[in-house]
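Reading through the structure tokens given below for one structure.
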Amino acid sequence: MKNRTNVRWLTQLALLVAILLVMNYTPLLGYVQFGPISASLLTVPVAIGAMTMGPLAGAILGGVFGATSFIQMVEGKSQMGTQLFSVNPFGAFVVSFVARVLMGLCAALIFNALRKAMPKKEKLCCVIGAICTPVLNTVFFMGFLVLFFYNCDYVQNVAQTLDATNVFMFIVYLVGVQAVIEWLICGVVASAVTVPVRKYLKLN
């Protein structure tokens, strides 16, 4: 029985990894460009995996997301990412990869905590967990971005272009619109998928 469960877990993980890769390399499915940064829709499969399979799967899927983001930086496919990589490759790795691993891990932990706190409100837990995933993505990404790059010339030029006079205004102006789009899409899609999947897994 344990082997059967492990095989199912690995199969589900492989399917979500495949979805992440397809979205990443398909225009308009994985990213929607807004100025220097992109609104990422890759948080959707990460949220689904984190809520249906647990913290390890969330961290792995976040890592896959982060790896594709870092590869885009190296290949020069991301306008901001390319600039960040040229300034500090290690910082760029933390911003793109480590932030996404933490996102997936923390999303699963928060969802598990919500389920324990509200055991009879499964749907509400799924909605909150789905929204938390892109919110965590924004928090970790921008947190590390400010930590490693806020004082570099490129980011300061972006801040001046946005007319941001402090760190808080810079974060709000940079991610304002695209962050809300990410949160709404992930909240709707990921929760809509997670609820029936979790119900099916309980029955089987």
Next item on the list: Report yes if some heavy atom in the side chain of Leu145 is under 4.5 Å from a heavy atom in the side chain of Leu84; otherwise report no.
Entry: yes

Next item on the list: Might you work through the side chain to side chain contact (heavy atoms under 4.5 Å, CB included) test for Arg100 and Phe141, ending with a clear yes or no?
Entry: CA-CA 8 Å; Arg100 274 55 187 267; Phe141 178 87; 3.9 Å; yes

Note to self: Are Leu124 and Val188 linked, directly or through intermediate hydrophobic residues, by side-chain heavy-atom contacts shorter than 4.5 Å (ILVMFWY only)?
What the structure shows: no

Notebook entry, point to check: With side chains defined as the heavy atoms from C-beta onward, is the minimum distance between Met80 and Tyr154 less than 4.5 Å?
Noted result: yes

Margin query: Please tell me whether Leu41 and Trp183 are part of a single hydrophobic cluster in this structure, the criterion being side-chain heavy atoms less than 4.5 Å apart.
Written below: no

Check: Which heavy-atom pair separates Gly104 from Ala50 by the least distance, and what is that distance?
Finding: O-CB, 3.8 Å

Item checked: Distance in Å, Leu114 CG paired with Leu109 CG, rounded so as to fall on 0.5 Å steps -> 11.0 Å

Notebook entry, point to check: Would a distance-only check, ignoring hydrogens and angles, find a side-chain to backbone donor-acceptor pair under 3.5 Å from Arg198 to Met51?
Noted result: yes

Next item on the list: Please confirm whether the backbone N or O of Met53 pairs with a side-chain atom of Gln12, one donor and one acceptor, at under 3.5 Å?
Entry: no

Checklist line | Value rounded to 0.5 Å, distance of CZ in Arg115 from SG in Cys125 | finding: 7.5 Å

Item checked: Path from Ile185 to Val127 over hydrophobic side-chain contacts below 4.5 Å -> no

Next item on the list: Please report the shortest heavy-atom distance between Cys106 and Phe140, naming the atom on each side.
Entry: SG-CZ, 3.9 Å

Note to self: Please report the interatomic distance CZ(Phe65) to CG(Leu16), rounded to the nearest 0.5 Å.
What the structure shows: 14.0 Å

Notebook entry, point to check: If you round to the nearest 0.5 Å, how far is CZ of Phe93 from CZ of Phe144?
Noted result: 11.0 Å

Next item on the list: Of all the heavy-atom pairs spanning Met73 and Thr82, show the shortest one and how long it is.
Entry: O-OG1, 3.8 Å

Margin query: Tell me the closest heavy-atom pair linking Cys132 and Ile110, and the distance in Å.
Written below: SG-CG2, 4.1 Å

Checklist line | Close side-chain approach of Leu102 and Leu136, heavy atoms under 4.5 Å | finding: no

Margin query: As an exercise, state the distance from CG of Leu42 to CD1 of Ile19, rounded to the nearest 0.5 Å.
Written below: 11.5 Å

Next item on the list: Group every Ile, Leu, Val, Met, Phe, Trp and Tyr by side-chain heavy-atom contacts under 4.5 Å, then state whether Leu105 and Val64 land in the same group.
Entry: no

Notebook entry, point to check: OG1/Thr52 to CG/Leu13 distance, rounded to the nearest 0.5 angstrom?
Noted result: 9.5 Å

Notebook entry, point to check: Honestly curious: do Val17 and Val189 fall in one hydrophobic cluster under the side-chain, below-4.5 Å linking rule?
Noted result: yes

Item checked: Shortest non-hydrogen contact between Met118 and Ile128, atoms and distance -> CE-CD1, 4.2 Å

Next item on the list: Would you check if the side chain of Asn157 reaches a backbone N or O of Asp153 as a donor-acceptor pair within less than 3.5 Å?
Entry: yes

Margin query: So Ser191 and Lys123, do their side chains get closer than 4.5 Å, heavy atoms only?
Written below: no

Check: What do you reckon, are the aromatic ring centroids of Tyr150 and Phe170 less than 6.0 Å apart?
Finding: yes

Next item on the list: Please name the pair of heavy atoms, one in Gly63 and one in Phe97, separated by the smallest distance, quoted to 0.1 Å.
Entry: O-CE1, 3.1 Å

